[in-house]
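Below, chains carry the letters A, B, ... as their sequence lines are ordered, and counting in each starts from 1.
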Amino acid sequence: GAVVSQHPSRVICKSGTSVKIECRSLDFQATTMFWYRQFPKKSLMLMATSNEGSKATYEQGVEKDKFLINHASLTLSTLTVTSAHPEDSSFYICSVKYGLNTDTQYFGPGTRLTVL
Amino acid sequence: GQSLEQPSEVTAVEGAIVQINCTYQTSGFYGLSWYQQHDGGAPTFLSYNALDGLEETGRFSSFLSRSDSYGYLLLQELQMKDSASYFCAVRDDDYKLSFGAGTTVTVRA
């Protein structure tokens with residue numbers, strides 16, 4: 001399987017600031033990565049699909065100007081939460097689609113964002 | 001759209017067998033996956049069924065019946081470390097996964 005890292009693992013920021021979260025595929029060149037958010041004791045909700053070299057595809061209800069995604073290389077995708085507010089506090093997880101025709105995704109360890 | 005239902009909680013003792021059911025409604029079906037997530041951790045892939053029948057991987061098995069839009073994950077010889085949340089998931093044309101709400105499995109000594 002693929003090894004996926006995320007940085008930072010935890011971040012606390014003040015309301016109004018922007019936070020960048022990195023997702024790296026360490027041993028696999030990923031043309032497609034996914035970004036999820038998860039509230040406590042809840043399921044994973046897909047936010048967007050990150051495609052290398054092209055614009056991300058956002059799910060309905062996700063503000064693309066608030067959650068900026070950049071997938072500049074085959075091993076790195078970044079999610080920037082702009083002008084963060086307390087309601088953006090959540091667990092953000094990225095995943096890598098492993099291979100061309102596969103349902104298997106390998107997940108990063110997640111980033112816990114707390115906005116004060 | 002996709003809709004998945006699974007029980008919210010299951011409690012069992014060490015050594016027991018637990019079955020987590022998942023029913024789904026999808027616009028197109030390509031297979032049912034199962035993921036395990038420990039508290040505060042990342043989901044990890046457990047199994048995948050594209051065809052009807054049982055897939056066995058060690059102590060965990062997964063079953064699918066496409067005609068019934070139903071699958072289950074079977075956890076055998078339960079261990080304390082199996083206490084976690086378990087999610088069933090289906091994907092769409094673009095390989096995007098939709099997850100069920102998750103089943104919290106608590107293993108007691």
**Message:** Taking side chain as everything from C-beta outward and backbone as N, CA, C, O, which of these in B/Tyr48 sits under 4.5 Å from a heavy atom of chain A? Side chain, backbone, both or neither.
**Reply:** side chain

**Prompt:** Between B/Ser33 and chain A, which part of the residue has a heavy atom less than 4.5 Å away: side chain, backbone, both or neither?
**Reply:** side chain

**Complete:** Under 4.5 Å to a heavy atom of chain B? For A/Gln6 that would be neither

**Asked** Using non-hydrogen atoms only, which part of A/Ile93 is less than 4.5 Å away from chain B: side chain, backbone, both, or neither?
**Response** side chain

**Prompt:** Pick from A/Met33, A/Gln29, A/His71: which one makes a side chain to side chain contact (heavy atoms under 4.5 Å, CB included) with A/Glu52?
**Reply:** A/His71

**Item:** Residue, of B/Ala50, B/Ser8, B/Pro43, that accumulates the most heavy atom pairs under 4.5 Å with chain A
**Value:** B/Pro43

**Request:** Return the option, out of B/Asp39, B/Leu97, B/Val90, B/Thr44, with the maximum number of heavy-atom pairs under 4.5 Å with chain A.
**Result:** B/Leu97

**Prompt:** What are the two closest heavy atoms between A/Val115 and A/Ser15, and how far apart are they?
**Reply:** CG1-CA, 3.7 Å

**Asked** Hey, does the side chain of A/His85 reach the backbone of A/Leu116 with a donor-acceptor pair shorter than 3.5 angstrom?
**Response** no

**Request:** Without swapping roles, check the side chain of B/His38 against the backbone of B/Lys81 for a donor-acceptor pair under 3.5 Å.
**Result:** yes

**Asked** Hey, quick one: are A/Leu68 and A/Met47 part of the same hydrophobic cluster, counting side-chain heavy atoms closer than 4.5 Å, chains of contacts allowed?
**Response** no

**Message:** Using a 6.0 Å distance limit plus a 45 degree cone around the ring axis, check whether A/Lys64 lies over the aromatic ring of A/Tyr58.
**Reply:** no

**Item:** Residue among A/Gln38, A/Arg112, A/Lys41 with most heavy-atom pairs under 4.5 Å to chain B
**Value:** A/Gln38

